[in-house]
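Worth saying up front: this structure is predicted, and the values here are computed from it rather than measured.
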Amino acid sequence: MSKQALDQAYAAAVERYKSLGIDVEKALAELDKLSISIHCWQADDVAGFEVAEGDLTGGIAATGNYPGAARNPEELRADLEKALSLLPGKHRVNVHAFYGDFGGQFVDRDQIEPKHFQTWIDWAKKVGVSLDFNCTLFSHPKSENGTLSALDPETRAFWIEHVKLCRWIAEEMGKAQGNLCIHNIWAPDGSKDLTVDAYIYRKNMKESLDKIMEDKRDPKYMRDCYESKLFGIGLESYTVGSNEFVLGYCLKNNMMVTLDAGHFHPTEGIADKISSVALFSNEIMLHVSRPVRWDSDHVVIQNDDLQSLAHEIVRADLLDRVHVGLDYFDASINRLGAYVIGVRATQKAFLKAFLEPVEQLRQLEANGQFFERLACLEEQKSLPWGVVYDYWCAQKGVPVAADYIAEIQQYEKEVTSKR
C-alpha cells in the first residue's frame, strides 16, 4: 500500500472509531507504552552457550531442524538486533542463565557471576533495550532427579546457590540499565508416573525457596517471579511447582506470579486468572505462548486466547501491573520470523483491546442488555484496527504489513544460511 493510500485508510479508520467514541491516537499512545520482553531462546532452540552442552531436558522439546540457529552470544544478539529493527515499539530482552558469555571456559551453574553477562549488558545499552533474566534449572546433569525439590540435599544446595547467583546477576543488570530486571524462577521437577510422596517434594521446594529468598536484593532493580506448570514431556503425572503451589507461595511471600499461557490444561485459558490473581498480588508476569495439544510453546499468533488475555488486562486497567513477555521456541521455521510474528501478534491483540469501547460495553452489561453487549462485541471484530496498526508501523519506520518477510529472507540469505 502506498503512503497516500495508507494515510487515507487511516483517516477513515480514525473517523470510524470516532463515531464510537474511541480516540485512536490515545490508543496508539497506550500501545507505545507496551514493552514486550523478547525471549533469547527462540534464536537457538534453547541450547544455551555452556561449554559442556547436554541434551535439552526438563520436559522441554524444540522440534525441527531449520538451518541458521545462533551458535554463540554474538550471533544470537545479531539476530535479536535484526528482529528488533522490524518491530515497532521499545522492547526488552529476556536472557536465560546458560546463555552467558563464558569465554570458551566451563563455568558450572553454581559459579556464574555478573561478569559472564557483561557483554549482554553492554549490548543492551548499545541497542537501547533493557534485560530480564532467568535461572536455568534444566539441561544439566544435576537436574535429572529434581532440582530445588530433590531428595538429595547436596543437589538442592547446588541449585539454591545457582538461583541466588542468578538473583545477584539480575540485580546487577537492573542497576546497569537503571530500571527493574525481572528474574523468573521455573523448576522442571516432577515425575513421569505415579508419585507416592508428593508432599515431601513440595516441602523441599518450599524450604529451598525460603533459603534463596533470605538473600535480600534491591526491589528497585530486581524482583522475582515464580512460574507454575501443569506438566512437561516425561513429567506427565506430577509437577512439584503446580499452579496451587506456586500461587500459594507467591501470595504468602509477596512474590510476583508468572502465568504462562502454555502451562495449563490444553483447554484452559488463563485470561480469567488475571483478575483473580490481580486482587491479591501487586504484579503479574505474563508469558505469552500458544499451546497445541501437549506442546506448550508454539509461535504466538493472534488467536482467541491471546485476544482474551489482552482484553482482560486492558478492561481491568492492569497494564501497569502486568509485565508482558514471550515464551516459545520453534525450530521448524525461520527463527527471526518467529520473533516478528509473535511480537506483532501480541501488539495487535493489545491494540484491539485499546480500541474497544469499554465504557459502552460496561454500561450495557450493568443494564442487563446482554443482547446488545454481544452484538457490540461481534461488531468490533470487523472494525479497521489493522489499518491503525499498519499506520503505526509506518510512523515508527518499520516494515508495514507483510513487508518484513522480504527483509527476513534477505537476512537469511546473507547471514543465517552461512552458519
Any donor-acceptor pair under 3.5 Å from [X] side chain to [Y] backbone:
{"X": "Asp218", "Y": "Lys220", "result": "yes"}
{"X": "Arg71", "Y": "Phe49", "result": "no"}
{"X": "Tyr238", "Y": "Val196", "result": "no"}
{"X": "Gln42", "Y": "Leu336", "result": "no"}
{"X": "Asn72", "Y": "Glu74", "result": "yes"}
{"X": "Thr239", "Y": "Leu230", "result": "yes"}
{"X": "Arg321", "Y": "Ala278", "result": "yes"}
{"X": "Tyr17", "Y": "Trp385", "result": "yes"}

What pairs with [X] under salt bridge (charged side-chain N to carboxylate O under 4.0 Å, His left out), at least two apart in sequence or on another chain?
{"X": "Glu412", "result": "none"}
{"X": "Asp189", "result": "none"}
{"X": "Glu25", "result": "none"}
{"X": "Lys125", "result": "none"}

Just checking [X]: does its [atom1] atom have more than 12 heavy atoms from other residues, nucleotides or ligands closer to it than 6.0 angstrom?
{"X": "Glu379", "atom1": "CD", "result": "no"}
{"X": "Lys211", "atom1": "NZ", "result": "no"}
{"X": "Asp23", "atom1": "CG", "result": "yes"}
{"X": "Asp317", "atom1": "CG", "result": "no"}

Would you call [X] and [Y] a side-chain contact if the rule is heavy atoms closer than 4.5 Å?
{"X": "Leu377", "Y": "Lys381", "result": "no"}
{"X": "Ile160", "Y": "Leu148", "result": "yes"}
{"X": "Leu137", "Y": "Pro188", "result": "yes"}
{"X": "Trp159", "Y": "Thr155", "result": "yes"}
{"X": "Ile270", "Y": "Leu286", "result": "yes"}
{"X": "Leu306", "Y": "Ile301", "result": "no"}
{"X": "Ile121", "Y": "Met173", "result": "yes"}
{"X": "Asn254", "Y": "Asn282", "result": "yes"}

Are the charged groups of [X] and [Y] less than 4.0 angstrom apart, N to O?
{"X": "Lys126", "Y": "Asp122", "value": "no"}
{"X": "Glu365", "Y": "Arg362", "value": "no"}
{"X": "Arg167", "Y": "Glu171", "value": "no"}
{"X": "Glu50", "Y": "Arg109", "value": "yes"}
{"X": "Lys229", "Y": "Asp260", "value": "no"}
{"X": "Lys33", "Y": "Glu30", "value": "yes"}
{"X": "Glu172", "Y": "Lys175", "value": "yes"}

Q: Please identify each residue that fulfils side chain to side chain contact (heavy atoms under 4.5 Å, CB included) with Val277, with sequence neighbours left out.
A: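 Here the qualifying residues are Leu247, Val257, Leu259, Ser281, Ile284.
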Cut-off 3.5 Å, no hydrogens considered: what does the side-chain donor-acceptor table look like for residues 92-99, sequence neighbours left out?
residue: Arg92; atom: NE; partner: Asp132; partner atom: OD1; Å: 3.4
residue: Arg92; atom: NE; partner: Asp132; partner atom: OD2; Å: 3.0
residue: Arg92; atom: NH1; partner: Asn179; partner atom: OD1; Å: 3.4
residue: Arg92; atom: NH2; partner: Leu131; partner atom: O; Å: 3.2
residue: Arg92; atom: NH2; partner: Asp132; partner atom: OD1; Å: 3.0
residue: Arg92; atom: NH2; partner: Leu180; partner atom: O; Å: 2.5
residue: Asn94; atom: OD1; partner: Phe133; partner atom: N; Å: 3.4
residue: Asn94; atom: OD1; partner: Asn134; partner atom: ND2; Å: 2.6
residue: His96; atom: ND1; partner: Cys135; partner atom: O; Å: 3.3
residue: His96; atom: ND1; partner: Thr136; partner atom: OG1; Å: 2.8
residue: Tyr99; atom: OH; partner: Asp44; partner atom: OD1; Å: 2.4
residue: Tyr99; atom: OH; partner: Asp44; partner atom: OD2; Å: 3.4

Q: Test Phe350 against Val324 for side-chain contact (heavy atoms from CB on, under 4.5 Å), laying out the working first.
A: CA-CA 11 Å; Phe350 274 93; Val324 180; 4.0 Å; yes
(Q) Within this structure, what is the CG-OG1 distance for the pair Asn334 and Thr416, rounded to the nearest 0.5 Å? (A)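 Answer rounded to 0.5 Å: 6.0 Å.
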(Q) To the nearest 0.5 Å, what is the distance between NZ on Lys192 and OG on Ser237? (A)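 The OG atom of Ser237 is 8.0 Å from NZ of Lys192, to the nearest 0.5 Å.
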Partners meeting ring-ring contact (aromatic ring centres under 6.0 Å, His included) with [X] (sequence neighbours left out):
{"X": "Trp168", "result": "none"}
{"X": "His39", "result": "Trp41, Tyr328, Tyr339"}
{"X": "Phe158", "result": "His140"}
{"X": "Phe102", "result": "His116"}

Q: Give the intermediate values and the outcome of side-chain contact (heavy atoms from CB on, under 4.5 Å) for residues His323 and Ser37.
A: CA-CA 8 Å; His323 305 273; Ser37 192; over 6 Å; no
Q) Can you list the steps and then say if Glu154 with Lys142 is a side-chain contact (heavy atoms from CB on, under 4.5 Å)? A) CA-CA 10 Å; Glu154 291 186 7; Lys142 284 187 169 66; over 6 Å; no
Q: For residues 271-290, pull every pair meeting salt bridge (charged side-chain N to carboxylate O under 4.0 Å, His left out), keeping only residues two or more places apart or in separate chains.
A: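 Only Arg223-Glu283, Glu268-Lys273 qualify under salt bridge (charged side-chain N to carboxylate O under 4.0 Å, His left out).
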Q) Glu227 and Asn184: which non-hydrogen atoms are nearest, and at how many Å? A)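 Of all heavy-atom pairs spanning Glu227 and Asn184, the closest is OE1-ND2, 2.7 Å.
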**Q.** Heavy-atom closest pair, residues Ser228 and His263
**A.**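 Ser228 and His263 have their closest heavy atoms at O-ND1, 2.7 Å.
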Ignoring hydrogens and angles, write down the donor-acceptor pairs under 3.5 Å from the side chains of residues 386-406, residues two or more places apart or on other chains.
residue: Tyr389; atom: OH; partner: Gln347; partner atom: OE1; Å: 2.7
residue: Trp392; atom: NE1; partner: Asp32; partner atom: OD1; Å: 3.3
residue: Lys396; atom: NZ; partner: Asp32; partner atom: OD1; Å: 2.8

Q. Any cation-pi pair here, Arg77 with Trp120, using under 6.0 Å and within 45°?
A.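 Checked: cation-pi criterion met.
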Q. Going through the checks in order, is the salt bridge (Lys or Arg N to Asp or Glu O under 4.0 Å) test met by Glu356 and Lys352?
A. CA-CA 6 Å; Glu356 182 180 64; Lys352 288 184 72 175; over 6 Å; no
